[in-house]
Structure formats: C-alpha cells, structure tokens
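Residues: numbered from 1 along the sequence shown. The analysis underlying the following values was restricted to heavy atoms, covering all of them including side chains, and did not include hydrogens, waters or symmetry mates.
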Amino acid sequence: MVFLSESNEKAAESVLEFVREAVARFENLQPSIIEKLLSSLPGIKSLSVLHAGLWILGEYCVTEQQILAFMEMVNESIGPLPIVDT
C-alpha cells in the first residue's frame with residue numbers, strides 16, 4: 001500500500017490491481033485490506049488510482065464500521081457538504 005502514494009502512476013496502478021484481486025479472492029483478508037487501503041487513500045496523488053481505490057472501497061466496505069470509516073475519510077478529504085463556492 002505504500003506504493004499507492006508514489007508519484008509513479010504505473011506502479012500505483014499495478015499495486016491497486018493486485019489489491020483489487022486480493023480483496024475479491026481472499027475474503028478472510030478483506031477487513032485488513034480495507035483498513036490498509038482506507039489509511040492509504042489520503043496520500044494517493046493520481047486521479048486514476050484514487051478512482052480505483054474509491055471503487056474498491058465502495059464495493060467491499062460491507063460492515064457498518066467500514067462504511068462509516070470510509071464516509072468519514074471522504075468527508076475529511078473533501079470537506080463538509082454541500083460543496084459550494086464561499
């Protein structure tokens with residue numbers, strides 16, 4: 001997950017492809033993978049990597065705790081809603 005915040009977009013995309021496969025195939029590892037991805041998401045610099053990370057989290061956050069952590073992370077990243085010009 002450390003490579004997700006790298007400036008090398010191709011490396012980060014490769015890591016995320018692996019993460020996507022791992023979370024889909026190894027259900028017993030899903031909680032720890034989700035937790036690590038959540039903690040890594042704020043450091044991601046590439047828009048395509050961020051998009052894929054958000055998709056993975058949206059697809060595989062299934063418990064109430066995971067969903068709340070995901071929404072809290074998104075809220076901290078974009079600020080309070082509604083998003084309007086001040």
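The closest side-chain heavy-atom distance from Val23 to Leu29 is not below 4.5 Å.
Results of the side-chain contact (heavy atoms from CB on, under 4.5 Å) test with Ile44 over Leu16, Leu4, Leu54 single out Leu4 as the only residue that passes.
Hydrophobic clustering places Met71 together with Ile56 (ILVMFWY residues linked when any side-chain heavy atoms are closer than 4.5 Å, directly or through intermediates). Side-chain heavy atoms closer than 4.5 Å link hydrophobic residues (I, L, V, M, F, W, Y) into clusters, and following such links, even through other members, never connects Phe26 to Val62. Linking Ile, Leu, Val, Met, Phe, Trp and Tyr whenever their side-chain heavy atoms come within less than 4.5 Å puts Ile67 and Ile33 in one cluster. Residues Val74 and Met1 share a single hydrophobic cluster, defined by chaining ILVMFWY side chains whose heavy atoms lie under 4.5 Å apart. Note on Phe18 and Tyr60: separate hydrophobic clusters, where clusters join Ile, Leu, Val, Met, Phe, Trp and Tyr whose side-chain heavy atoms are under 4.5 Å apart, directly or indirectly.
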Given side-chain contact (heavy atoms from CB on, under 4.5 Å), test Trp55 with Arg20 step by step and report yes or no.
CA-CA 9 Å; Trp55 181 88; Arg20 183 174 48 224; 3.8 Å; yes
Between Leu50 and Leu41, does a side-chain contact (heavy atoms from CB on, under 4.5 Å) hold up when you go through it step by step?
CA-CA 7 Å; Leu50 181 62; Leu41 214 58; 3.9 Å; yes
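By the side chain to side chain donor-acceptor pair (under 3.5 Å) test, Glu76 is found to be paired with no residue, residues two or more places apart in sequence or in another chain being considered. With sequence neighbours left out, the side chain to side chain donor-acceptor pair (under 3.5 Å) criterion links Ser46 to Glu9, Ser48.
The two residues Ile34 and Cys61 come nearest to each other via the heavy atoms CG2-SG, 3.7 Å. For the residue pair Gly43 and Ser5, the shortest heavy atom distance occurs at O-CB, 3.2 Å. Nearest heavy atoms, Ala12 versus Val49: CB-CG2, 3.7 Å. For Leu38 against Gln66, the heavy-atom pair with the smallest separation is CD1-O, 4.3 Å.
Heavy atoms of other residues, nucleotides or ligands lying less than 6.0 angstrom from CD of Glu59 number more than 12.
Distance check: Gln65 CD to Leu68 CG gives 8.5 Å after rounding to the nearest 0.5 Å.
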